[in-house]
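Data first, discussion second: the structure below is written as structure tokens.
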Amino acid sequence: MSFSSEVKDELSRQIVEARHCQIAEVAAIISLCGRILISAKDTYGIKIHTENIAVARKYFQLIKKIFQVHVEVSVRKNVYLKKGKTYTISISDHEDALRILQAAKLIQDDGEILENLSITDNLVIQQPCCKRAFIRGAFLATGSISDPEKSYHFEIVCATLEKATQLKNIICFFHIDAKIIQRKKYFVVYIKEGAQIVEILNVMEAHVALMNLENIRILKEMRNTVNRKVNCEAANINKTVFAAVKQMEDIKFIKNTIGFEKLAKGLQEIALLRLEHPEATLKELGTMLNPPVGKSGVNHRLRKLSEIAENIRD
């Protein structure tokens, strides 16, 4: 099971007690993956489609629990897709469908269907708890989340820019930086930052998935820290080895050209020590001198030898 399916499975098992939150979740589901049917006689019906059986079960439970209406469930095998089956939840009775649409504020008093919920005017999503439920329903309807082992990406697909903008604003209410991008004919509300995805999981109350994601983030951060330290150590070792090799070349060049006799006593001593101990650190070379010299003093003398060698070459 993918991480996205695990999150949906966890959310599908949550049935909140407050009726207004249940209605907000149903409103999101109908708005994002439902179809409102109007017959020639102006009667209404509702159909909700999903390819996830856990999500279909959640839709069925919510509608039955809130409205006590007759719900039909049909399963259709996808001939062209390998994903398996499509589950359809249908409410065919006009009065039942009308009650659901009125409760979800998806229909006006004059019978006009509201394609997009209004943030400012719609009572369904006025309270913070209802906003949480709406986001949860939207994610169950058309959302997905990538495997955090590979990347951090959370998204909910919307059919219109208005729906995407509304959903983005609801998510931003919880101080989460969601963005919108157009993908073909759809509009995608997405979050890319790991910590922000943790926050949205908390908003949806997917606490098990949140802990799993946090554990993965901690392990990834630890691996990245170790890798950075290893790379830093390797770079320092390479730098030290390169410097030592360069010092050896310069000292041998001086010895083979002008000899050590023309060097100052301190430079002669450090040149001989470097030739005798090519692998020693600056600190170790300093302790071998009499009297001992600090690391910076040894480095100064070796730099001086390199300058002399460069002058001779020039």
Side-chain angles (χ1 to χ4, degrees), residues 8 11-12 14-16 18-81 83-119 121-126 130 133-143 156-164 166-167 170 185-187:
K8 288 192 175 186
L11 294 177
S12 70
Q14 293 183 18
I15 303 292
V16 294
R19 189 174 185 272
H20 49 83
C21 291
Q22 294 172 359
I23 291 173
E25 197 164 339
V26 168
I29 289 165
I30 296 174
S31 182
L32 270 75
C33 71
R35 290 174 58 203
I36 301 170
L37 309 175
I38 305 175
S39 71
K41 297 180 180 180
D42 285 337
T43 59
Y44 296 106
I46 300 172
K47 281 191 176 182
I48 301 167
H49 304 278
T50 179
E51 294 175 349
N52 189 311
I53 188 170
V55 177
R57 183 175 61 242
K58 176 72 175 285
Y59 297 171
F60 180 86
Q61 290 173 339
L62 274 175
I63 292 170
K64 289 287 287 185
K65 184 179 178 68
I66 302 169
F67 303 103
Q68 292 84 45
V69 298
H70 176 67
V71 180
E72 299 171 6
V73 181
S74 60
V75 183
R76 182 169 59 87
K77 191 171 183 179
N78 290 330
V79 179
Y80 301 105
L81 299 175
K83 290 184 179 179
K85 301 171 182 177
T86 299
Y87 303 89
T88 303
I89 314 295
S90 302
I91 298 94
S92 303
D93 183 79
H94 169 73
E95 293 299 327
D96 291 342
L98 188 60
R99 255 193 325 128
I100 294 170
L101 293 174
Q102 287 172 339
K105 300 294 185 289
L106 291 171
I107 189 170
Q108 291 180 331
D109 294 337
D110 59 2
E112 183 72 22
I113 299 297
L114 298 174
E115 278 292 317
N116 306 300
L117 290 169
S118 165
I119 299 172
D121 300 329
N122 201 306
L123 295 174
V124 169
I125 46 176
Q126 283 295 295
C130 295
F134 187 90
I135 295 168
R136 183 165 56 244
F139 178 76
L140 284 169
T142 59
I156 299 174
V157 180
C158 301
T160 66
L161 179 59
E162 290 77 15
K163 288 182 180 181
Q166 176 201 35
L167 181 60
I170 295 172
K185 63 178 181 178
Y186 297 103
F187 296 87

Residue pair Leu37, Lys47: steps toward the side-chain contact (heavy atoms from CB on, under 4.5 Å) verdict:
CA-CA 8 Å; Leu37 309 175; Lys47 281 191 176 182; 3.9 Å; yes
If only atom types and distance count, is the side chain of Lys8 paired as donor or acceptor with the main-chain N or O of Gly143 below 3.5 Å?
yes
Can you tell me how far apart CD1 (Ile30) and CD1 (Ile48) are? Round to the nearest 0.5 Å.
5.0 Å
Ser90 (side chain) donor-acceptor with Ser92 (main chain) under 3.5 angstrom:
no
Looking at every non-hydrogen atom in both residues, tell me the closest pair between Tyr87 and Ala56 and how far apart they are.
CB-CB, 3.7 Å
May I ask you to test the Val69-Lys64 pair for a side-chain heavy-atom distance under 4.5 Å?
no
Minimum-distance pair of heavy atoms, taken over all atoms of Ala104 and Ala27
CB-CB, 3.8 Å
Apply side-chain contact (heavy atoms from CB on, under 4.5 Å) to the pair Val75 and Thr86, showing each step before the final yes or no.
CA-CA 6 Å; Val75 183; Thr86 299; over 6 Å; no
Show every ring pair (Phe, Tyr, Trp, His ring centres under 6.0 Å) that has at least one partner inside residues 24-69, sequence neighbours left out.
Tyr44-His94
Ile170 and Ile135, any side-chain heavy atoms less than 4.5 Å apart:
yes
Looking only at heavy atoms, the pair that brings Ile23 and Ala103 closest together is CG2-O, 3.3 Å
If you define the side chain from C-beta out and look only at heavy atoms, does anything of Thr43 sit under 4.5 Å from Ile38?
no
Hey, could you give me the CG/CZ distance between Leu32 and Phe139, rounded to the nearest 0.5 Å?
12.5 Å
Return the CD to CG distance between Gln68 and Asp96, rounded to the nearest 0.5 Å.
10.5 Å
Is there a side-chain contact between Ile46 and Ile89, using heavy atoms and a 4.5 Å cut-off?
no
Smallest separation among heavy atoms of Ala24 and Cys130, with atom names
CB-O, 3.5 Å
What's the separation between atom CG in Leu11 and atom CD in Glu25, rounded to the nearest 0.5 Å?
8.0 Å
Going by heavy atoms in the side chains, are Arg76 and Thr88 under 4.5 Å from each other?
no
d(Gln22 CD, Lys65 NZ) to nearest 0.5 Å is 5.5 Å
Distance-minimising heavy-atom pair for Ala141 and Cys33
CB-SG, 3.6 Å
Can you tell me if Lys163 uses its side chain to pair, donor with acceptor, with the backbone of Ser31 under 3.5 Å?
yes
Separation between CD of Gln166 and SG of Cys158, rounded to the nearest 0.5 Å
8.5 Å
May I ask you to test the Ile156-Leu167 pair for a side-chain heavy-atom distance under 4.5 Å?
yes
Within the distance-only criterion (no hydrogens, no angle test), does the side chain of Lys58 pair as donor or acceptor with the backbone N or O of Gln14 below 3.5 angstrom?
yes
When every non-hydrogen atom of Ile91 is compared with those of Ala97, the smallest separation belongs to CG2-N, 3.8 Å
